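Notes follow the structure.
These figures come from a predicted structure and were not determined experimentally. Residue numbers start from 1 in every chain, and the chains themselves are labelled A, B, ... in the order their sequence lines are given, proteins ahead of strands.
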Amino acid sequence: GNSVTQMEGPVTLSEEAFLTINCTYTATGYPSLFWYVQYPGEGLQLLLKATKADDKGSNKGFEATYRKETTSFHLEKGSVQVSDSAVYFCALSERGQGAQKLVFGQGTRLTINP
Amino acid sequence: DTEVTQTPKHLVMGMTNKKSLKCEQHMGHRAMYWYKQKAKKPPELMFVYSYEKLSINESVPSRFSPECPNSSLLNLHLHALQPEDSALYLCASSQEGLASEQFFGPGTRLTVL
């Protein structure tokens, strides 16, 4: 079946550092790819997405490019802030029994120190 | 309105109690989801409703009973739960289509004593 693998956390960085969170996937066909973020005490919210190869999703300074050749969707940000501290989930979308199913990676907890 | 609301925010129940979780959205989404999330883990899909019909049941124990009274509401009825069912229960909704974003509610924190 389809699967998503994220880099192990937790990740701790200083403010203004460069961030990369690795995500690779295994899937039949060409799924849509997502990054969701979960702030403490909240539900998940979409950070960005890409629906086809070479698409770049971007939002709030975060970027990720859909790389078919390496089956990857790495999340990057050039200068992180304390407010970026959260858990980040990479996910792909697959069809199951007539409905969309999200397959999540394990999540990467990010802490940004001032 | 791009919000999914869930009530209650917190729930403590005994193993013999019956309780219900409620989820509501007014975005016109025809797909609605229940997830269970344990600490430091990703959400696990439980149920999917599409056009008010149950499309996916991920082999969830019968002590969890979903209900979709109309296109805006989703309930999860709980009965005879076990302590290991304690978790954050998340509701989500989306448009149809594999590229669609799922909008998540803030969740109900459930504790089973």
Examine [X] and [Y] and state if one hydrophobic cluster contains both, with Ile, Leu, Val, Met, Phe, Trp and Tyr joined whenever side-chain heavy atoms are less than 4.5 Å apart.
X      : Y      : result
B:F103 : B:M32  : no
A:L46  : A:L75  : no
A:V103 : A:F73  : yes
B:L11  : B:V112 : yes
A:L19  : A:L33  : yes

- request: Quick one: list whatever passes side-chain contact (heavy atoms from CB on, under 4.5 Å) with B:H79, sequence neighbours left out.
  value: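 If we apply the side-chain contact (heavy atoms from CB on, under 4.5 Å) test to B:H79, skipping adjacent residues, the hits are B:K18.
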query: Which pair of non-hydrogen atoms, one from B:P42 and one from A:F104, has the smallest distance, and what is that distance?
result: CB-CB, 3.7 Å
- prompt: Considering only heavy atoms from C-beta outward, does the side chain of B:L98 approach that of A:P31 to under 4.5 Å?
  reply: no
- prompt: Where on B:A99 is there a heavy atom nearer than 4.5 Å to chain A: the side chain, the backbone, both, or neither?
  reply: both
Under 4.5 Å from any heavy atom of chain A - which part of B:L90: side chain
query: Looking at B:G107, B:P43, B:A92, B:G105, which has the largest count of heavy-atom pairs under 4.5 Å with chain A?
result: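 Maximum pair count with chain A is reached by B:P43.
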Inter-chain donor/acceptor N,O pairs below 3.5 Å: chain B to chain A:
| from | atom 1 | to | atom 2 | distance (Å) |
| --- | --- | --- | --- | --- |
| B:Y33 | OH | A:Q100 | OE1 | 3.3 |
| B:Q37 | OE1 | A:Q38 | NE2 | 2.9 |
| B:Q37 | NE2 | A:Q38 | OE1 | 2.9 |
| B:E58 | OE2 | A:K101 | NZ | 3.0 |
| B:L98 | O | A:S93 | OG | 2.7 |
| B:L98 | O | A:Q100 | NE2 | 3.2 |
| B:A99 | O | A:K49 | NZ | 2.6 |
| B:S100 | O | A:Q100 | NE2 | 2.9 |
| B:Q102 | N | A:Y36 | OH | 3.0 |
| B:Q102 | NE2 | A:Q100 | OE1 | 2.7 |

Straight-line distance of A:L102 CG to B:F104 CZ, nearest 0.5 Å: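 Between A:L102 CG and B:F104 CZ, I get 6.0 Å after rounding to 0.5 Å.
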